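Remarks on the structure that follows.
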Amino acid sequence: MEIKTFADLIDWTRQLHAHLARCLHESAQKNQNERASALLDYISSHEALLEQAVAEYEKQADPKAMTTRLYDYGVHKPIEKNRTCDTRYNDLDFDGIAREIFDFHDQVMDLYDALIGKAEIPEAKSLLEDLKSLEEHEAMRLASQIGRMNDI
């Protein structure tokens, strides 16, 4: 997907979370480790909820920000979709899955950080800050839940 506007960026982010949710759900059924399978299932449902939350931003965001072009914002190393959905989740253990998921979320937040620093209109900066805040909050919530699962 070519990202030209903030609307494209939000749609891309939503699709990325949806894609990850589907892939993790598939891997949960294939992973032989019961704990890892349960974690994959939990993260899959979490990513599906995050997809819905990002979709709300698509509906409620300032139209001025949504139509702002991103071509002046520089190049950021893209997050590869196929990285989020390969067979490695089928064989990873609990800790490996957690590391991969947090790395994925860190990359999304890094992208938002890079764009926040370059945002020229207040509406675009506010939108990016809100999206980053959502990602941070959900990553913290996920870390808390994974910690609880690991304690069991």
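On a predicted model such as this, the values are computed, not experimentally measured, just so you know.
Under the 3.5 Å distance criterion, the side-chain polar atoms of S144 are left unmatched by any main-chain donor or acceptor of M140. At least one donor-acceptor pair closer than 3.5 Å links the side chain of N31 to the backbone N or O of Y89.
To the nearest 0.5 Å, atom CD of residue Q52 and atom OH of residue Y57 are 14.5 Å apart. Atoms CG and OG, from L50 and S45 in turn, are 11.5 Å apart once rounded to the nearest 0.5 Å. With rounding to the nearest 0.5 angstrom, the CD1 atom of I3 is 12.5 Å from the CZ atom of R69. In this structure, K118 NZ and D113 CG are separated by 11.5 Å, a value rounded to the nearest 0.5 Å.
Connection of M109 to I10 is not established within any shared hydrophobic cluster, with ILVMFWY side chains joined at heavy-atom distances below 4.5 Å, either directly or through further cluster members. Linking Ile, Leu, Val, Met, Phe, Trp and Tyr residues whenever their side-chain heavy atoms come within less than 4.5 Å places F102 and Y42 in a single cluster. Under a hydrophobic clustering in which Ile, Leu, Val, Met, Phe, Trp and Tyr are joined whenever their side-chain heavy atoms come within less than 4.5 Å, directly or via other members, M149 and I97 fall into the same cluster.
The shortest distance between side-chain heavy atoms of E138 and L134 falls below 4.5 Å. Between L128 and F6 the shortest side-chain heavy-atom distance falls below 4.5 Å. You'll find the side chain of L111 reaches within 4.5 Å of the side chain of L9, heavy atoms only. When side chains are defined from C-beta on, L40 does not count as touching S44, because their heavy atoms never get closer than 4.5 Å. Looking at heavy atoms from C-beta onward, N33 lies out of side-chain contact with L92 at the 4.5 angstrom threshold. Annotation: side chain of D41 is not in contact with side chain of Q29 (no heavy-atom distance under 4.5 Å). Residues D11 and R14 have side chains in contact (heavy-atom distance under 4.5 Å, counting atoms from C-beta outward). Using a 4.5 Å cut-off on side-chain heavy atoms (C-beta onward), I43 and Q145 make no contact.
With salt bridges taken as basic N to acidic carboxylate O contacts below 4.0 Å, none links E26 and R22. A salt bridge is absent between K132 and E135; no separation between the charged side-chain nitrogens and carboxylate oxygens falls under 4.0 Å.
Among all heavy-atom pairs drawn from A28 and S37, the shortest one is O-OG, 2.5 Å. Between T5 and T67, the closest heavy-atom pair is CG2-O, 4.0 Å. Closest non-hydrogen pair, L49 versus R141, comes out as CD1-NH2, 4.4 Å. Closest approach of L39 to F94, counting heavy atoms only: CD2-O, 3.5 Å.
In the model, Q15 has no side-chain atom that pairs as donor or acceptor with a side-chain atom of H19 under 3.5 Å. Side chains of H105 and E100: no donor on one and acceptor on the other come within 3.5 Å. Looking only at atom types and distance, the side chain of Y112 has a donor-acceptor partner in the side chain of T13 under 3.5 Å away.
Ring centroids of H46 and H17 are separated by 6.0 Å or more, keeping the two rings apart.
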Decide yes or no on side-chain contact (heavy atoms from CB on, under 4.5 Å) for L142 and I101, but give the supporting numbers first.
CA-CA 9 Å; L142 190 58; I101 294 304; 3.6 Å; yes
Report the C-alpha separation of T68 and L127 in whole Å, then their side-chain angles, then the decisive distance to 0.1 Å, and conclude whether the side-chain contact (heavy atoms from CB on, under 4.5 Å) test is met.
CA-CA 11 Å; T68 300; L127 176 63; over 6 Å; no
